[in-house]
Structures are given as C-alpha cells and as structure tokens.
Amino acid sequence: MTTTHTDAQVSAPFESRAIVGSMDGAVAVLSLGLAPYNLMDKEMNEELIAALEWARDQSARAVVLRSSLRHFSAGANLDNMIREADESEVLDWGFVETLEAFSAFPAPIIASVNGVCVGGGFELALACDLIIASESAKIGSVEVTVGLQPLMGAVQRLTQRAGAARAREMVLLGRRYPASTLERWNVINWTVQDESLDDATMVIAQELAHGPTVANAASKRLVAIAVNQGVKAADEAMLEVQRAVLGSADFRTGVRSYRENGVGMAQFEGA
C-alpha cells in the first residue's frame with residue numbers, strides 16, 4: 001500500500017505497544033501489530049481509544065483499522081482474562097468505552113480484515129462502520145468454545161446486521177465462517193481477493209475521505225440513533241443533526257459543482 005504524508009503528519013505519528021497510526025492523505029491508518037495474534041485486553045482497548053483521539057487530532061476524514069500481522073485478531077488474551085476473573089466478578093477492560101469511541105468518532109471507520117478474525121477481534125471489526133475482508137479470512141464469534149459469550153457487543157450487533165436467527169447460530173455454535181458467507185448475511189460489506197485487500201480498502205477509504213465530511217458525520221449519527229433508539233427517534237433528531245450540514249461549506253461546494261459540472265464532480269474540503 002502506497003502512503004503519502006505531509007511534513008506535519010510525518011512528525012506526529014501514533015505509536016503504542018499494539019498500534020501504529022499514520023496518515024495517508026486525509027485517511028488515518030491504524031495498524032494492529034501486537035504479535036503474534038493481536039490479542040485483546042484492557043490495554044488494547046485503551047490504545048484503541050487513544051489512537052482514535054490521535055486520528056481526530058489529525059482531522060482524519062476516514063479511518064482504516066487493519067492488521068500488520070498475518071491475522072486481524074484471534075480474540076481475547078485468555079490468560080489475562082482468567083486471571084482477572086479469578087479476582088473480580090466484573091471484567092473491567094473498557095469494552096463499552098471502546099464501543100462508544102468508535103460510535104462517536106465523526107468520520108467513517110473501515111475494518112480491513114485478513115486471516116483469522118474471531119472473538120474480540122470480530123467484535124472490534126463489528127464496531128466499525130464498514131467491513132472489508134479477504135477471501136481467505138475466517139471470521140466468527142467463537143467465545144462459546146471457551147465457555148464465554150461475546151463480551152464486546154457482538155450479540156446485539158450481529159442481531160442488528162443479520163437478524164436474530166443468524167446471531168443465535170453464530171454465537172451459540174461458535175463456528176468460523178468464510179468472508180463470502182458473512183457478506184451474503186449482511187454481516188460484512190465486501191469480500192475481495194487476498195492480494196487486493198489493502199488496495200481495495202484504501203480506494204474506499206479515500207473515497208470517503210474526499211466526501212462531504214460534515215454530511216458523513218451526520219449520516220453516521222443518524223444510523224446510530226436509528227439502531228439504538230429506533231426510526232422515530234432518528235426522525236425526531238433529523239432537524240438538529242441537519243443544522244451543521246446545511247451550514248457547511250461542502251454543501252455549497254456541492255451545489256455549485258452540480259450546477260456547473262453535473263453530478264459527482266464536487267471536490268469537498270471537509271468543512
């Protein structure tokens with residue numbers, strides 16, 4: 001994947017134990033690199049939240065969450081989990097805070113999934129707005145195989161995306177599925193050839209990053225309201241959500257470009 005950087009972006013990358021962040025134009029690329037399997041734990045959740053804060057500081061207009069390793073994520077660090085479960089009835093790993101950070105981020109977030117993506121890693125992908133996966137990826141909610149249920153929102157998100165019957169199947173049986181099956185079930189958005197994953201992801205990310213950022217943020221917010229509170233609540237929120245869009249420079253740019261050049265030719269600045 002070819003990346004380009006401004007001087008400011010080169011001087012301010014994000015680096016933590018598990019994540020490296022860089023800017024490709026207006027796209028923030030967050031690469032998981034906690035060898036060997038990007039196992040989730042409390043610290044990983046904290047680093048994800050910090051990485052999204054960094055992307056917001058960079059004024060990122062889209063975010064890609066990917067893995068620099070062979071696999072996206074093999075789930076939770078079970079050694080840490082069982083140790084903490086022996087000490088407390090509550091696993092304080094910041095699951096809800098991580099989900100809220102992904103939901104509240106104003107720009108679209110794309111999960112680019114390769115290799116194994118199961119358990120908490122799958123839940124992380126489900127927290128993103130869009131999911132693109134390689135053909136060979138194996139994906140699933142496998143927590144039941146170690147006596148758990150999904151702990152980071154997979155049950156409800158699978159129910160939203162695929163319906164109750166498929167959600168029950170996935171979480172109760174704990175199987176791994178090919179990406180093409182989950183695309184057919186509306187769990188993920190696209191399946192691509194393995195060698196095309198990075199390029200296909202960046203094509204989508206750059207398209208989003210060159211779109212009307214204020215309008216995209218409003219659309220993302222309305223989806224969240226509709227999913228969490230229902231269509232009526234989203235209808236009631238529309239007027240308030242639309243205020244920023246109607247006042248945006250991109251709206252005026254889009255209308256002017258439509259009049260002068262036709263559909264789809266506007267060059268938005270993200271303001």
Side-chain angles (χ1 to χ4, degrees), residues 1-3 13-24 27-52 54-55 60 62-78 80 93-95 98-99 101-102 105 107-143 150 152-154 157 176-180 182-183 187-206 208:
M1 177 173 60
T2 302
T3 57
F14 179 87
E15 293 188 28
S16 68
R17 175 198 63 144
I19 304 170
V20 173
S22 61
M23 295 299 298
D24 187 332
V27 177
V29 180
L30 305 181
S31 297
L32 304 175
L34 183 61
Y37 300 120
N38 287 324
L39 297 182
M40 300 288 295
D41 57 14
K42 181 176 182 179
E43 193 172 352
M44 174 73 87
N45 282 317
E46 292 172 347
E47 291 176 40
L48 286 164
I49 293 171
L52 288 178
W54 170 84
V63 175
V64 169
L65 181 66
R66 62 181 297 277
S67 172
S68 60
L69 306 178
R70 181 180 177 185
H71 302 293
F72 185 81
S73 172
N77 187 320
L78 293 176
N80 290 354
W93 278 13
F95 296 125
T98 300
L99 293 173
F102 275 72
F105 193 84
I109 304 173
I110 307 168
S112 183
V113 174
N114 64 300
V116 170
C117 177
V118 295
F122 183 31
E123 294 184 283
L124 184 58
L126 289 171
C128 297
D129 299 297
L130 300 169
I131 303 174
I132 181 169
S134 62
E135 286 180 330
S136 67
K138 298 299 180 184
I139 306 170
S141 289
V142 301
E143 288 88 344
M152 193 175 159
R157 282 163 180 78
R176 301 182 185 194
Y177 297 86
S180 58
L182 297 188
E183 181 181 355
V187 175
I188 69 174
N189 299 90
W190 300 279
T191 304
V192 300
Q193 295 179 345
D194 291 14
E195 63 272 18
S196 301
L197 179 61
D198 282 346
D199 288 342
T201 300
M202 289 308 299
V203 166
I204 295 166
Q206 291 292 354
L208 291 168

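Keep in mind the model is a prediction, meaning the values are calculated, not measured. Atom set for the values below is all heavy atoms of this structure, side chains included, hydrogens, waters and symmetry mates excluded.
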- [ ] Take R66 and T201 through the test side chain to side chain contact (heavy atoms under 4.5 Å, CB included) and record every step on the way to the result.
- [x] CA-CA 9 Å; R66 62 181 297 277; T201 300; over 6 Å; no

Open item on the list: Can you confirm whether V27 sits close enough to I110 that some side-chain heavy atom of one is under 4.5 Å from a side-chain heavy atom of the other?
Closed with: no

Open item on the list: To the closest 0.5 Å, what do you measure between OG (S16) and CG (L48)?
Closed with: 8.0 Å

Open item on the list: Taking the side chain as everything from C-beta on, heavy atoms only, tell me whether R176 gets closer than 4.5 Å to V142.
Closed with: yes

Open item on the list: As an exercise, state the distance from SG of C117 to CG of L182, rounded to the nearest 0.5 Å.
Closed with: 9.5 Å

Open item on the list: Under a 3.5 Å distance rule, please check whether N38 uses its side chain to pair with a backbone N or O of G33 as donor and acceptor.
Closed with: yes

Open item on the list: Give me the atom names and distance for the closest heavy-atom approach of I49 to A101.
Closed with: CG1-CB, 4.0 Å

Task: Main-chain N/O of L32 paired to S68 side chain as donor or acceptor, under 3.5 Å - done: yes

Open item on the list: Less than 4.5 Å apart, side chain to side chain, heavy atoms only: is that true for I109 and L30?
Closed with: no

- [ ] Would you check if R17 and L34 make a side-chain contact, meaning some heavy-atom pair closer than 4.5 Å?
- [x] yes

- [ ] Please examine the side chains of F122 and V113, heavy atoms only from C-beta on, and report whether any two atoms are closer than 4.5 Å.
- [x] no

TODO: Please check if the side chain of D41 supplies one atom and the backbone of W93 the other of a donor-acceptor pair under 3.5 Å.
DONE: no

- [ ] Find the distance between CD1 (I19) and CG (L65) and round it off to the nearest 0.5 Å.
- [x] 7.5 Å

TODO: Using atom types as modelled and distance alone, determine if a side-chain donor or acceptor of D24 lies under 3.5 Å from a backbone N or O of V29.
DONE: no

TODO: Report the C-alpha separation of M40 and E123 in whole Å, then their side-chain angles, then the decisive distance to 0.1 Å, and conclude whether the side chain to side chain contact (heavy atoms under 4.5 Å, CB included) test is met.
DONE: CA-CA 10 Å; M40 300 288 295; E123 294 184 283; over 6 Å; no

Open item on the list: Test your reading of the model: is there a side-chain donor-acceptor pair from E47 to the backbone of A18, 3.5 Å cut-off?
Closed with: yes

TODO: Please tell me if the side chains of E15 and W54 come closer than 4.5 Å, counting only heavy atoms from C-beta onward.
DONE: no

- [ ] For the residue pair V187 and L126, establish whether any side-chain heavy-atom pair is separated by less than 4.5 Å.
- [x] yes

Open item on the list: Could you work out, with ring-ring contact (aromatic ring centres under 6.0 Å, His included) as the rule, every residue matching Y177, not counting sequence neighbours?
Closed with: W185

Open item on the list: Within the 4.5 Å heavy-atom criterion, are L69 and Y37 side-chain neighbours or not?
Closed with: no

- [ ] Apply side chain to side chain contact (heavy atoms under 4.5 Å, CB included) to M44 and N77, showing your working.
- [x] CA-CA 10 Å; M44 174 73 87; N77 187 320; over 6 Å; no

Open item on the list: If the test is side chain to side chain contact (heavy atoms under 4.5 Å, CB included), which one of V203, L197, N189 qualifies with I132?
Closed with: L197

